[in-house]
Amino acid sequence: MSLQFHNQLTKKVDPFTPQVAGKVSLYTCGPTVYNYPHVGNWSGYVYWDTLVRILQANNLEVTRVMNITDVGHLTGENEGDADQGEDKLQKGARREGKTAWEVAAFYTDDFMKGIDRLNLIKPTHVTKATNYIEEQLQLIRTLKEKGFTYEIDDGIYFDTAKFPTYANFADLDLEAQRAGARVEYNPEKRNHSDFALWKFSPAGEARDMEWETPSDLIEAGEERLGFPGWHLECSAMAMTLLGETLDLHTGGIDHIPVHHTNEIAQSEAATGVIFANYWMHNNHLKVNGTKISKSLDNGYTLDDLEEKGYSPLDFRMFVLQSHYRSEGNFTFENLDGAKNRLRNWRNIAALRHQTHDRLRDDDEKSTDDESVSLYASSQALVEALSNDLDTPAAYAIIDDAFSRIESINIEDIHQHALTTLLETIDSVLGLQLLETTKDISDDVKRFIIERERARENKDWHAADHLRDQIEKSGITVRDTAHGSIWEYTA
RNA sequence: GGCGCGUUGGCGGAGCAGUUACGCAGCGGUCUGCAAAACCGCGUAGAUGGGUGCAACUCCCAUACGUGCCUCCA
C-alpha cells in the first residue's frame, strides 16, 4: 500500500515520501483562541486527525505541532467588516471584562476539551504563540539581515517583491488583485502583498499583550512596543520544533492565498530551503448552503449540537462522510443521517458480545470466506484512506463489510475478524465503535435467556413481559432463526 | 469591480466516457407468536442549452443559479 496526497505545491495528487524513512513531521494551523470553535473549524481538525491516524496506520511515526494563536493581531486598517481595525483578543477581553491573557487561556482550555470530545489525537506539541516571541523576533532578525524587511510607521514588513516565487503557491495574479482590490491598502507599503512581521503598538492604545522591539530591528533611537504579525508565529514554531523543512503542512483552504503563501515566503527567504514538501488543505463546511458567519449566527458549536441531542461522535461521523477537499454542507437533517448510520454501525459492533460461545474462533475455520473477506475489508479500509484520505470510499467499504455480516448467520461470524475490523475502523477513523458498545449487564443477559426459554415454551405473555424488562435497560431484542440478538435502542 | 469554484435521485455523497457506488429516509413483498431485523424489489439522478465522440452524469463552450477569494477567517 502506498500513501498519496493532494499537494498544493504541485496542484495534484502525489505519492507521499517523508524525508526520513518511517518518520513524518507535520504542522497544522491551529485556532485563534478568542471564541468557541464552530462546526466548520472542527471539521478541519477532524480531517487532520484522520490524516495522522492513516499515517500511523502506515507505520509512520508522526511528530506533529499545532499552534494556539493566543496573541491578538490587528486586522486590516480598512472598512467593511465589524471586526476591522481591532484586535480580536482585545475585543474579546473588553466584551467579557477580562484581560486578553484571560480570554486566551479560557478558550485554549475549551479547545483542548473539544479535542477530547471529538476523540482527536493530541498533537505532539501544542504551542502558544506567546511562548515563542523570541523565536519570532529572531526570524525577523534573520530576514532583516538578508534584506527582506523594511520599516514603516506601523510596523516591520516583509518585502514580497524580493521573493520572486511569491505568487506561485496560490497561483496569484498580483497585478489583477491590486487592480481589482475594493479596499485601499496602507499606502506606505511597497507592494500590495507585503505583510507585517511585527506591528508597533498604536500610540495611546492600552494593550495587554505587547513586547519591547529589540533595538537592532528598528531604526536607531527608537523605542517601541509591538507584537508579532499573524503569519510569523507558524513559521517560527514549526521550524523551531520540526526543523527548516517539514514533511507536511495542513490547514484550511482559505489559508492558501495569504497565510500559507506568506509562511512560505518568510520561511524560505530566511533559510534558503523549501519550507514544507507537502501542503494539504481542507475545504470549508457550509451551513444550510451558505458560509458560516457571525451575522447569520450559524456557527454552531459542539455545545449547540449536544443541546440538540447530537454527540461529538455523531458530528465526526458526519464530517468524514464527505471528502476533505469537497465543500461540505451542514444541516441537522444531514447530521441525522450520519447519526443513524453510526447507530447502525454500533449495532454491528455489539454483535461481538453476543457471539462468543458460538463464534468461529477455531483456527481451522479462520480461513473461511466470510472471515477472510472481513480481514480484506480491514486492509481495503486502510488503502482507501491512504489514497488522499478517501473517507467516502472508506465508509462504503465498511458498509459493504457490515451488510455481509448482517446477512449471514451469527454463528458464521468470525469473532477475531470482526474485532480486527472494528479495531481498524476505530484506529483510522476515530469513531470509538468498541468503546461506545459496551457489553450489557448479566441481569439483562439473564432476561434474554429466560425470554428465549419462554419462547421455546410458547409462553408469549412471559416473553413479552421480559422484553419490556429488557427495554428498560435501553436494549431491544429481535428474534432470528438462530436465536435472539440484542441491539442498543435508538 | 477583478479572479476562481460548484450544480448528481426526498436528503447526503462517490467513482466512472459504455456494467448496482454507498448511506439516511420512503414504498411494496417474503419471512415471522407479536415486534424487529434480515432478504428481495421499487422509485424514469446527473442545473439548462449547445458541441465533440460509436457512446457523456463523466470531455469542451455558453447560460442560469449558488458559492468563495480579493480584508481577518478552518
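Below, chains carry the letters A, B, ... as their sequence lines are ordered, and counting in each starts from 1. Note that the structure is predicted; figures quoted are calculated from it, not measured.
Of the candidates A/L385, A/V62, A/D247, A/V62 is the only one forming a side chain to side chain contact (heavy atoms under 4.5 Å, CB included) with A/L55.
Note: CG (A/D459) to C1' (B/C34) measures 13 Å, nearest angstrom. A straight line from CG of A/D388 to P of B/G15 spans 10 Å, rounded to a whole angstrom.
B/A56 and B/C24 have their C1' atoms separated by 29 Å, given to the nearest Å. Between B/G18 and B/G29, the distance separating the two C1' atoms is 33 Å to the nearest Å. Taking atom C1' on both B/C59 and B/G1, the two are 32 Å apart, rounded to the nearest angstrom. Separation of the C1' atoms belonging to B/A55 and B/U67 is 33 Å when rounded to the nearest angstrom.
Within the nucleic acid shown, A/H281 has no heavy atom closer than 4.0 Å to any nucleic acid atom. Contact annotation for A/G44: no contact, since no heavy-atom pair falls under 4.0 Å across all strands. When heavy atoms are screened at a 4.0 angstrom cut-off, A/V477 is found touching base atoms of the nucleic acid. As judged by a 4.0 angstrom heavy-atom cut-off over every strand, A/D336 is placed among residues making no nucleic acid contact. Using a 4.0 Å heavy-atom criterion, one finds that A/N340 contacts the sugar-phosphate atoms exclusively. Note on A/S326: only backbone sugar-phosphate atoms sit closer than 4.0 angstrom, heavy atoms only; bases stay farther off. Among the atoms of the strands shown, only primed sugar atoms or phosphate atoms (P, OP1, OP2) are found under 4.0 Å from some heavy atom of A/S322. Nucleic acid contact for A/I397: none, since no nucleic acid atom lies under 4.0 Å from a heavy atom of the residue. Heavy atoms of A/G251 sit under 4.0 angstrom from primed sugar atoms or phosphate atoms, though from no base atom.
For A/H284 and B/C5, the shortest distance from a side-chain N or O to OP1 or OP2 is not below 4.0 Å. The side chain of A/N344 contributes an N or O atom lying less than 4.0 Å from OP1 or OP2 of B/C24. The phosphate of B/C73 has OP1 or OP2 within less than 4.0 Å of a side-chain N or O from A/W230. Contact annotation: A/K286 does not reach the phosphate of B/G6 (side-chain N/O to OP1 or OP2, under 4.0 Å).
In this structure, the ring of A/Y310 has its center no less than 6.0 angstrom from the ring center of A/Y300. Between A/H255 and A/H281, a ring centre-to-centre spacing not shorter than 6.0 Å is recorded.
Among the nucleotides B/C69, B/G33, B/A74, the one closest to any side-chain atom of A/L285 is B/A74.
The aromatic ring of A/H323 does not sit over the base of B/A14; the criterion of centres under 5.5 Å apart with planes under 30° is not met.
Using a 30° and 60° split on the angle between ring planes, A/F111 and A/W42 fall in the parallel class, below 30°.
Side-chain contact check for A/I448 versus A/I440: some heavy-atom pair is nearer than 4.5 Å.
Remark: B/U30 base-pairs with B/A38; criterion is Watson-Crick or G-U wobble with both hydrogen-bond distances under 3.5 Å. With both pairing distances under 3.5 Å, B/G49 is matched to B/C61 as a Watson-Crick or G-U wobble pair.
For B/G53, the O4'-C1' to base torsion is within 90° of 0; the nucleotide is therefore syn.
A donor-acceptor contact under 3.5 angstrom links the side-chain atoms of A/R467 to the base of B/A35. Looking at A/D464, its side chain comes within 3.5 Å of the base of B/G33 through a donor and an acceptor atom.
Of the N and O atoms on the side chains of A/D479 and A/S484, at least one donor lies less than 3.5 Å from an acceptor on the other residue.
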